[in-house]
Every structure is written in structure tokens, then in C-alpha cells.
Amino acid sequence: MLIDNKFLRLKEIISKMGSVLIAFSGGVDSTFLLKAALLVLPEDKVLAITANSATYPREELICARKTAYGLEVRHKVIQTHELNDKRFLLNPAKRCYFCKSELFSRLKKEARKAGLNFVLDATNASDKKDFRPGAMAKNRFKIRSPLEEAGITKKEIRVLSRRLGLSSWDKPSLACLASRIPYGRKITPGLLKRIEQAESYLKRMGFKQVRVRDYDGFCRIEVDGQNIPRIMHKRNLVVEKLKGLGYNYITLDLEGYRTGSLNEVLRAGKE
């Protein structure tokens with residue numbers, strides 16, 4: 001299906017819903033989904049909600065607020081409490097299920113309170129390629145994913161976002177900070193804060209797409225492949241900063257950034 005036909009299909013899906021609450025992180029996908037909803041539904045039939053917690057970088061919350069303001073959409077920030085769930089803190093392979101269950105249960109309540117018909121998330125057609133236990137929570141709470149339903153991929157979202165004049169079109173991919181911690185290692189607020197501080201520092205150095213995978217005594221840094229020579233050039237500064245955050249050893253992943261690299265261990269175990 002051509003990209004224009006997919007976009008038309010997306011708008012038809014949302015239009016038929018009548019009113020929606022959108023889980024809005026401020027990232028590429030949710031910003032595009034929000035814009036699409038605003039194109040086909042009255043302003044009072046669209047509500048964007050951003051969930052704030054220790055797993056969500058502070059700078060992303062600020063960005064989400066600014067983006068929502070720019071789109072002139074009703075926007076609300078709620079506090080989620082996945083860190084109160086011991087099952088989430090134990091960090092099993094289905095960690096995302098517990099996190100998403102907390103989020104979606106809260107969003108369903110907000111939708112009922114606001115009198116909105118559907119809760120939407122920004123899962124897209126490309127997400128099927130990765131291990132996503134959060135999809136089980138999505139099914140449990142009957143959350144709709146119009147981007148996935150319309151068959152729109154991540155690449156197509158960027159293309160369409162650029163056409164629509166959305167500044168988010170080339171924004172780096174977002175992910176929960178807990179996704180930097182290997183499965184089985186307990187999640188703590190301190191760990192999440194350290195990861196946030198490390199990544200924030202690297203972003204200020206000009207590395208847009210970055211992950212700091214936390215293995216307690218050492219970390220594994222992922223940046224885009226073309227930026228590996230540049231980060232090596234600045235390695236003394238990086239080492240000094242990250243050792244100051246408590247890492248004894250700082251390593252650089254020569255494969256570069258890739259989505260869900262911690263899931264490679266799970267896939268290897270199945271082979």
C-alpha cells in the first residue's frame with residue numbers, strides 16, 4: 001500500500017472513533033499520531049496525556065509539554081507508579097507488561113472521566129520486529145494502535161511527519177530508561193537517575209541517538225555508527241564524567257546504536 005493510502009486509512013480509522021485519548025510521550029510516533037487525530041477530530045474530542053515517572057527523562061517531559069502546546073491540543077501530565085510494583089522492579093523479561101499495565105489502567109480511567117471513546121498508543125508496524133511484552137497489556141486493556149492498524153512503519157512516520165511540518169520528524173527514538181538495565185537486575189531509582197544523567201551529558205555533547213546500558217560496575221555506550229570516531233575523540237571527557245557517576249569501566253559498543261539490543265540475549269537463548 002502506498003504511503004498516501006496508508007495515511008488516508010489512518011485518518012479514517014481515527015475519524016470513526018469519534019473521540020480519543022492519546023498516550024503522548026512527545027516522541028516521533030506519538031506526535032505524528034496526535035497530529036493525525038487533530039486533523040480529523042474536533043479539538044474537544046482529543047486529549048493527550050503524558051505519563052511522568054522516574055523511568056521518563058525530565059528533558060523529554062519538558063519537550064512533550066512544548067510539543068503539545070505547539071499543537072494547541074489539550075494536554076495533561078499524570079504521575080505513574082510502576083516503581084511501586086515489585087514485579088517491575090525485579091526486571092523480568094516481561095518487565096514492560098507491568099509498566100504498561102500501570103500506564104494503560106490509568107489512561108482508561110482518565111478516558112472514562114473525560115468521556116472519550118478510545119485510548120490510543122503509538123505502536124507502529126515496525127514494532128512487530130522486536131520483543132514487546134507490553135503488547136499483552138495493550139490487549140488486556142483494549143488499547144488501540146491506529147498506526148499499526150494502518151500498516152504505517154517508523155520510516156513512513158518520519159516521512160509523513162516531515163510533510164506535515166512536525167519538528168519531531170527526525171527526533172531520535174525514545175525508550176523507557178529501564179530498558180537500559182539488563183533483565184534480572186533489580187531496577188532502582190538511583191540506577192535510573194544515573195542512566196539519565198549519563199545520557200543527558202552525551203546528548204549535550206552532540207550525540208543525538210544514544211543509549212547507556214548499565215551493568216552496575218560498567219556501562220556500554222551505544223551511538224550511531226558514524227559517531228563512533230567522534231566519541232572516541234572525546235573519550236577522556238566521557239570517561240571522566242561517567243566515572244564521576246559511579247561507573248568503574250566505560251565501554252563503547254562497536255556495533256553502534258540499535259533498538260532493543262538487550263533483547264539480543266533473549267533471542268540468542270531461543271536459537
Side-chain angles (χ1 to χ4, degrees), residues 24-31 50-67 77 80 82-83 88-89 91 95-96 99 103 122 130 134 154 158 167-183 185-265:
F24 179 64
S25 69
V28 182
D29 302 336
S30 64
T31 299
T50 301
N52 185 36
S53 78
T55 67
Y56 187 60
R58 178 68 183 173
E59 61 189 39
E60 294 301 336
L61 175 59
I62 295 171
C63 180
R65 289 184 186 275
K66 289 181 178 178
T67 301
V77 177
T80 54
E82 55 269 29
L83 267 64
F88 174 78
L89 295 180
N91 198 13
R95 171 196 66 227
C96 288
C99 180
L103 171 63
D130 196 17
K154 184 77 169 187
R158 292 190 184 277
S167 60
S168 57
W169 76 269
D170 65 342
K171 188 175 181 180
S173 298
L174 298 178
C176 164
L177 290 171
S179 67
R180 281 55 152 179
I181 303 171
Y183 296 120
R185 182 158 171 250
K186 188 174 181 180
I187 297 169
T188 67
L191 272 183
L192 296 171
K193 189 65 177 178
R194 178 166 72 171
I195 294 166
E196 180 179 3
Q197 290 174 331
E199 292 189 356
S200 180
Y201 175 75
L202 292 171
K203 289 176 183 177
R204 291 197 300 272
M205 293 183 79
F207 299 102
K208 290 181 65 176
Q209 187 69 78
V210 62
R211 294 287 186 271
V212 175
R213 312 292 185 182
D214 192 304
Y215 295 83
D216 194 13
F218 77 92
C219 66
R220 174 168 60 87
I221 301 172
E222 297 177 13
V223 294
D224 286 332
Q226 67 267 26
N227 279 321
I228 288 178
R230 191 158 70 90
I231 198 170
M232 287 297 296
H233 182 68
K234 297 184 177 184
R235 65 184 182 276
N236 290 338
L237 291 173
V238 174
V239 168
E240 181 181 4
K241 176 63 177 181
L242 270 60
K243 280 198 171 185
L245 292 176
Y247 295 111
N248 297 318
Y249 302 97
I250 292 87
T251 67
L252 179 64
D253 193 321
L254 296 183
E255 284 191 73
Y257 166 77
R258 57 216 183 270
T259 301
S261 69
L262 289 179
N263 293 334
E264 292 168 4
V265 176

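All heavy atoms count here, side chains included; hydrogens, waters and symmetry mates do not.
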Indicate yes or no: at least one non-hydrogen side-chain atom of [X] is less than 4.5 angstrom from one of [Y].
X      : Y      : value
Tyr247 : Ile221 : no
Tyr201 : Leu237 : yes
Arg194 : Cys219 : no
Leu83  : Thr55  : yes
Ile231 : Leu202 : yes
Ser173 : Val28  : no
Arg211 : Asp253 : no

Taking everything shown except [X] itself, do over 12 heavy atoms lie less than 6.0 Å from its [atom1]?
X      : atom1 : value
Lys66  : NZ    : no
Tyr215 : OH    : yes
Glu240 : CD    : no

Locate the shortest heavy-atom distance separating [X] from [Y]; write the atom from each residue and the value.
X      : Y      : answer
Ala198 : Val212 : CB-CG2, 4.0 Å
Ala51  : Leu103 : CB-CD1, 3.5 Å
Ser25  : Leu174 : OG-CD1, 3.9 Å
Phe88  : Ala178 : CZ-CB, 3.9 Å
Ala175 : Ser179 : CB-OG, 3.7 Å
Pro229 : Gln226 : CD-O, 3.6 Å

### Task
Keeping the roles fixed (side chain from Thr50, backbone from Phe24), state whether a donor-acceptor pair exists under 3.5 Å.
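Yes; at least one donor-acceptor contact below 3.5 Å.
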### Query
Quick check: does any side chain N or O of Thr80 sit under 3.5 Å from a backbone N or O of Glu82, one acting as donor and the other as acceptor?
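Not confirmed, Thr80 side chain does not pair with Glu82 backbone.
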### Query
Can Glu196 and Arg58 be counted as an ion pair, charged N to O under 4.0 angstrom?
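No, no charged N to carboxylate O under 4.0 Å.
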Spacing of [X] atom [atom1] and [Y] atom [atom2] [to the nearest 0.5 Å]:
X      : Y      : atom1 : atom2 : value
Ile181 : Asn91  : CD1   : CG    : 6.0 Å
Leu177 : Ile195 : CG    : CD1   : 6.5 Å
Leu254 : Glu222 : CG    : CD    : 11.0 Å
Cys99  : Ile187 : SG    : CD1   : 8.5 Å
Gln197 : Leu242 : CD    : CG    : 10.0 Å
Leu61  : Asn52  : CG    : CG    : 4.5 Å

### Message
Using the rule given for side-chain contact (heavy atoms from CB on, under 4.5 Å), can you reason through Val223 versus Arg230, listing the C-alpha separation, both sets of side-chain angles and the distance that settles it, and then say yes or no?
### Response
CA-CA 10 Å; Val223 294; Arg230 191 158 70 90; over 6 Å; no
#### Entry: Pairs flagged by salt bridge (Lys or Arg N to Asp or Glu O under 4.0 Å) wherever residues 170-180 is involved - sequence neighbours left out
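Salt bridge (Lys or Arg N to Asp or Glu O under 4.0 Å) check on residues 170-180 returns Glu60-Lys171, Asp170-Lys208, Arg180-Glu199.
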#### Entry: Within 45° cone of Tyr183 ring axis and under 6.0 Å: Arg95 NZ or CZ
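Not flagged: Arg95 not positioned over aromatic ring of Tyr183.
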